[in-house]
Amino acid sequence: MKTRTFRLNKLVRDGVFDSMIKLGQKPQTKRLKGQALLLGLRNKIIEEAQEFDPKSKKAVRELADLAEMVEQLAAKMGISYKELRAMQMKRRKEAGVFNRGVFIGELEVPKGDKWADYYAADPKHFPEIKQ
């Protein structure tokens, strides 16, 4: 019987790995630890977020997967769920939530405003538009 090989390059849930073995699949693996595991979880969050479709019947499942990865990432960083939730509530109090759906395309900042330096320090995320 011929086999097919696919490059996955992704972190998977323990149960997914176990299922692959039971099915006779042969994954080439490595165990991520420390910083590599943190980056693997971050990349998994990005992957899942890009796949998320709010119109999908799997939307709640995908959100649950994202929540699981956030919790796992926090735990690996030594942050308890209670601490994470407390920070979430603090951020809500400080900056609000996303109820109004405000999206800012461009922002004109007065000269001398402290935020101009903040945005200018990160041109990858906040490129300055020259006029």
Side-chain angles (χ1 to χ4, degrees):
M1 177 173 166
K2 289 190 174 192
T3 62
R4 298 172 72 185
T5 303
F6 301 92
R7 184 174 319 282
L8 300 188
N9 282 339
K10 64 194 242 171
L11 188 64
V12 297
R13 287 179 178 258
D14 300 340
V16 170
F17 172 74
D18 294 343
S19 177
M20 290 173 167
I21 299 300
K22 286 179 185 173
L23 291 170
Q25 298 174 358
K26 297 176 182 173
Q28 292 180 340
T29 64
K30 64 180 175 182
R31 301 286 175 161
L32 301 182
K33 296 178 184 175
Q35 189 68 20
L37 179 55
L38 297 179
L39 292 174
L41 285 164
R42 182 203 63 182
N43 291 341
K44 188 69 176 174
I45 289 170
I46 293 167
E47 173 194 332
E48 292 293 335
Q50 289 174 333
E51 292 174 358
F52 174 75
D53 178 0
K55 296 177 187 172
S56 168
K57 292 179 181 179
K58 296 180 181 180
V60 173
R61 177 182 167 166
E62 295 298 327
L63 285 174
D65 284 348
L66 283 164
E68 180 66 31
M69 284 173 269
V70 168
E71 282 188 47
Q72 287 291 312
L73 185 55
K76 301 299 185 223
M77 295 173 62
I79 302 166
S80 71
Y81 181 76
K82 185 177 178 181
E83 290 175 278
L84 182 63
R85 188 73 171 149
M87 180 55 73
Q88 181 184 6
M89 294 302 111
K90 180 180 179 196
R91 293 290 298 140
R92 278 185 179 182
K93 188 174 181 180
E94 291 172 350
V97 292
F98 297 90
N99 286 336
R100 292 185 292 177
V102 176
F103 177 87
I104 298 173
E106 295 178 6
L107 176 65
E108 188 174 315
V109 181
K111 289 188 184 211
D113 186 309
K114 70 176 184 174
W115 286 99
D117 292 336
Y118 172 84
Y119 296 125
D122 191 357
K124 180 180 173 186
H125 291 106
F126 309 112
E128 188 167 355
I129 299 167
K130 305 290 184 187
Q131 296 179 350

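Nothing fancy with the numbering, it's 1 onward along the sequence. These numbers come from the heavy atoms of this one structure, side chains and all, not from hydrogens, waters or symmetry mates.
- Remark: Q72 CD to M77 CE distance equals 13.0 Å, nearest 0.5 Å.
- Note: L63 CG to R61 CZ = 12.5 Å, rounded to the nearest 0.5 Å.
- Ion pair R13/D65 flagged as a salt bridge, since at least one NZ, NE, NH1 or NH2 atom sits closer than 4.0 Å to an Asp/Glu carboxylate oxygen.
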Mind running side chain to side chain contact (heavy atoms under 4.5 Å, CB included) on D122 and H125 for me, showing each step along the way? CA-CA 6 Å; D122 191 357; H125 291 106; 2.9 Å; yes

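- Taking hydrophobic clusters as Ile, Leu, Val, Met, Phe, Trp and Tyr residues chained together by side-chain heavy-atom distances below 4.5 Å, Y81 does not share a cluster with L73.
- The main-chain N or O of S80 is found under 3.5 Å from a side-chain atom of E83 such that the two form a donor-acceptor pair.
- Classified by interplanar angle (parallel below 30°, tilted 30° to 60°, perpendicular above 60°), the ring pair F126/Y119 is perpendicular.
- Residues A74 and L84 come closest through the heavy atom pair CB-CD2, 4.1 Å.
- Checked by atom type and distance alone, the side chain of K44 pairs as donor or acceptor with a backbone atom of L11 at under 3.5 Å.
- By the neighbour-count criterion of 12 heavy atoms within 6.0 Å, atom CG of D14 is sparsely surrounded, having that number or fewer from other residues, nucleotides or ligands.
- The same ILVMFWY cluster, assembled from side-chain heavy atoms under 4.5 Å apart, contains both L8 and V16.
- In terms of hydrophobic clustering, with Ile, Leu, Val, Met, Phe, Trp and Tyr side chains grouped at heavy-atom distances under 4.5 Å, F17 and F6 are assigned to a common cluster.
- Residues L66 and V97 do not share a hydrophobic cluster, defined by chaining ILVMFWY side chains whose heavy atoms lie under 4.5 Å apart.
- In the displayed structure, E94 atom CD is contacted under 6.0 Å by more than 12 heavy atoms of other residues, nucleotides or ligands.
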Side chain to side chain contact (heavy atoms under 4.5 Å, CB included) between L38 and K76, worked out: CA-CA 7 Å; L38 297 179; K76 301 299 185 223; 3.7 Å; yes

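- In this structure, E71 CD and I79 CD1 are separated by 12.0 Å, a value rounded to the nearest 0.5 Å.
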Could you walk me through whether L37 and Q35 satisfy the side chain to side chain contact (heavy atoms under 4.5 Å, CB included) test, starting with their C-alpha distance in whole Å, then the side-chain angles of each, then the deciding distance to 0.1 Å, before giving a yes or no? CA-CA 5 Å; L37 179 55; Q35 189 68 20; over 6 Å; no

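- The line from CD1 of I46 to CD of E51 is 12.5 Å long, rounded to the nearest 0.5 Å.
- Residues P27 and V12 form no side-chain contact, since every pair of their non-hydrogen atoms from C-beta on lies 4.5 Å or further apart.
- With no hydrogens or angles considered, no side-chain donor-acceptor pair links Q88 and R91 at under 3.5 Å.
- Atom CE of residue M69 and atom CG of residue N43 lie 11.5 Å apart, to the nearest 0.5 angstrom.
- Cluster annotation: L107 and W115 are assigned to the same hydrophobic cluster (Ile/Leu/Val/Met/Phe/Trp/Tyr, side-chain heavy-atom contacts under 4.5 Å, transitive).
- Between Q50 atom CD and I45 atom CD1 the span is 12.5 Å, to the nearest 0.5 Å.
- Closest approach of F52 to A59, counting heavy atoms only: CE1-O, 3.6 Å.
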